[in-house]
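Each chain gets a letter, A, B and so on, in the order the sequences are listed, and its residues count up from 1.
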Amino acid sequence: MSQVTAVKTTTLDVPLESLLIKVLERRQANDRLVQICCAVIDNQYELLYTFSDDEAWEVTNLKVTCSLTAKIPSITRIYPYATFYENEMAELFGVPVEMIQNDYHGKFYRIGAKDPFLKASEKAQKEKEEEAAKEAETKKTQETPEEAADAPKEPADKAQGGAK
Amino acid sequence: MDKKSIIPFGPQHPVLPEPIHLDLEIQDEKVLRAIPNIGFIHRGLEGLVEKKDFNTMVYVAERICGICSFGHGMAYCEALEDVMHVEVPERAKFLRTIWMEFSRLHSHLLWLGLCADAFGFESLYYECWRIREHVLDVMENTTGGRIIFSVNQIGGVHRDLSDEQVRYLNTRLDAIEADVKNVEKTLFHDATIEKRTRGLGVLTKEQAHDLGAVGPFARASGIAIDMRQTGYEAYGQLDFAPVTAEDGDCYSRIVVRTKEIYQSIDLIRQALSKLPKGDLNVPIVRGMPKGEAMARVEQPRGEAIYYVHGDGTRFLKRFRVRTPTFANIAPLCHMLQGANYADVGILVLSIDPCISCTER
């Protein structure tokens with residue numbers, strides 16, 4: 001009878017800001033990237049990065065939960081072949097992955113509809129979040145002239161170099 | 001300086017069974033770079049989880065692809081059984097294993113025929129497909145279908161093998177093995193095949209690992225990984241070892257797949273001899289799938305991943321399939337760099353591409 005290998009599977013919840021570090025750890029452990037899966041659970045993206053240590057039969061899942069507008073860093077600088085997985089989730093789910101090497105810009109599967117795997121309610125939620133983010137950005141830009149108006153003015157003689 | 005050209009390969013090409021497009025950057029008949037473009041047969045099957053309940057999705061899963069059909073249905077059921085904590089009866093596990101190995105037999109014979117056709121050896125192509133017809137006859141006799149079997153259900157299978165069918169299978173296996181032995185003489189010793197495939201498209205073991213290659217493509221480069229070693233279904237009770245080769249070229253891929261045909265025949269014989277009596281399935285009497293699970297199986301082309309996420313309703317939140325050809329595209333593009341334009345066809349075919357699976 002051939003040896004039956006029990007596979008040890010570990011799933012780690014990883015904050016978005018630690019994703020690249022955790023992926024680098026997997027690369028340094030010589031793990032193979034098995035797949036990247038995107039799902040929308042409770043109006044949030046749930047990204048599952050699966051790595052396999054084929055010699056030790058260990059699987060590590062890195063689970064990242066983030067909002068529908070969070071910017072996801074690409075891992076293609078660490079695992080170049082992740083480009084296909086990232087392009088797929090960007091096109092099907094509208095996941096905003098930044099700096100993908102070999103970015104197909106939404107033409108990987110050549111689908112006419114935008115974000116076809118997002119439900120109508122999820123698309124509405126995403127648009128709402130994007131609007132809110134835009135408003136927050138606009139507000140931030142608009143504050144600057146007001147701040148300049150509120151700032152204390154210098155005396156006129158001093159401004160002219162103290163000339164009398 | 002010689003000019004570079006971009007030559008399109010596919011989506012329509014005589015060697016391609018399914019559409020894939022490669023933009024080949026060529027200089028002096030040498031490929032500098034290959035940029036893949038897919039999406040010609042994307043059907044969005046994974047998105048159907050919104051409309052088809054988890055029981056009916058089995059039929060969608062097994063229609064992802066015709067060649068790997070049984071594996072898709074089986075692995076989908078495995079993932080759901082994991083989520084719902086369903087223990088499949090032993091007889092069902094053995095039956096699934098038998099049909100899975102027949103599926104592998106038919107897939108490898110199909111590929112050997114296409115490979116022979118790719119380098120113009122038509123008589124060998126016909127002979128491989130003639131043998132494959134016997135395998136399809138067996139599948140039709142035992143499941144009712146030649147390509148799409150529809151015997152898997154969550155909890156087991158809904159077809160059985162009678163004692164007469166078991167004897168029939170053993171007889172057919174002897175005939176198939178004898179036919180393959182005849183073909184092997186040509187495959188392994190014909191000078192033209194060796195000339196066209198030896199030393200072609202070499203992928204070293206390190207490159208195969210670094211690029212995420214799976215299945216016979218990786219095993220031909222010396223990576224001895226086979227998901228059947230994890231012992232799912234009845235594989236834990238059968239005796240086998242991964243078939244590997246060391247050279248990592250197209251010839252090694254032919255050798256690995258041919259030897260896997262014999263391995264499949266042996267596995268089926270072992271499973272038939274150990275086939276236990278018992279139920280074919282367990283009824284799912286209560287509960288909806290709630291939670292997530294991932295099944296990893298060895299499809300004919302390599303490791304395939306099936307992820308399901310249920311939220312306690314009859315519609316799954318997510319069903320995701322990562323097929324072996326999807327993983328093998330990156331090493332294929334690497335392998336094409338530096339290759340002659342005339343060899344692109346056989347190189348693409350050497351990974352045994354299944355684009356239906358890749359695009360879903």
Could you tell me whether a side-chain N or O of B/Arg320 sits under 3.5 Å from a main-chain N or O of A/Ile36, the two making a donor and an acceptor?
yes
I'd like to know if the side chain of B/Arg318 reaches the main chain of A/Cys38, judged simply by a donor and an acceptor atom lying under 3.5 Å from each other, with no hydrogens or angles considered.
yes
Would you say CG of A/Asp13 has more than 12 non-hydrogen atoms from neighbouring residues, nucleotides or ligands within 6.0 angstrom?
yes
Separation between CG (A/Asn61) and CE (B/Met294), nearest 0.5 Å, reads 5.0 Å
In terms of heavy-atom contacts, B/Asp210 and A/Tyr81 come closest through O-CE2, 2.9 Å
Contact origin within B/Pro36 toward chain A - heavy atom pairs under 4.5 Å
both
Contacting moiety of B/Thr323, where chain A heavy atoms sit under 4.5 Å:
neither
Quick one: what part of B/Ile305 sits under 4.5 Å from any heavy atom of chain A, side chain, backbone, both or neither?
side chain
Flag the pair A/Phe117 / B/Glu50 as yes when at least one side-chain heavy-atom distance between them is below 4.5 Å, and no otherwise.
no
Checking side chain to side chain donor-acceptor pair (under 3.5 Å) against A/Tyr109, which of B/Arg360, B/His42, B/Arg43 comes through?
B/Arg360
Considering only heavy atoms, which portion of A/Tyr79 lies under 4.5 Å from any heavy atom of chain B: side chain, backbone, both, or neither?
neither
Against chain A, work out which of B/Glu359, B/Gln270, B/Arg296 has the most heavy-atom pairs shorter than 4.5 Å and name it.
B/Arg296
Mind ranking B/Pro331, B/Gly212, B/Gly47 by heavy-atom pairs under 4.5 Å with chain A and telling me who comes out on top?
B/Gly212
Let me see the working for A/Lys63 and B/Glu292 under salt bridge (Lys or Arg N to Asp or Glu O under 4.0 Å), right down to the final yes or no.
CA-CA 12 Å; A/Lys63 189 182 281 192; B/Glu292 54 184 353; 2.4 Å; yes
How many angstroms lie between CZ in A/Arg110 and CD1 in B/Ile41, if you round to the nearest 0.5 Å?
12.0 Å
Is it the side chain or the backbone of A/Thr9 that comes within 4.5 Å of chain B heavy atoms, both, or neither?
neither
Is it the side chain or the backbone of A/Phe93 that comes within 4.5 Å of chain B heavy atoms, both, or neither?
side chain
A/Met99: side chain to side chain contact (heavy atoms under 4.5 Å, CB included) partners, not counting sequence neighbours:
A/Arg77
Sort out for me which of A/Glu88, A/Lys107, A/Glu55 touches chain B most, counting heavy-atom pairs under 4.5 Å.
A/Glu88
As an exercise, state the distance from OH of A/Tyr104 to CD1 of B/Ile35, rounded to the nearest 0.5 Å.
7.5 Å
Taking the basic N atoms (NZ, or NE/NH1/NH2) and the acidic carboxylate oxygens, is any pair closer than 4.0 Å for B/Glu303 and A/Arg32?
yes
Contact winner vs chain B - A/Val40, A/Asn30, A/Ile111, A/Asn102, heavy-atom pairs under 4.5 Å:
A/Asn30
Under 4.5 Å from any heavy atom of chain A, what part of B/Val214 do you find: side chain, backbone, both or neither?
side chain
Taken to the nearest 0.5 Å, the spacing of B/Tyr306 OH from A/Cys37 SG works out to 14.0 Å
Identify which part of A/Ser52 has an atom lying under 4.5 Å from any heavy atom of chain B, answering side chain, backbone, both or neither.
side chain
B/Ile329 and A/Phe84 have their tightest heavy-atom pair at CG2-CZ, 3.7 Å
Heavy-atom neighbours of B/Arg269 CZ exceed 12 at 6.0 Å:
yes
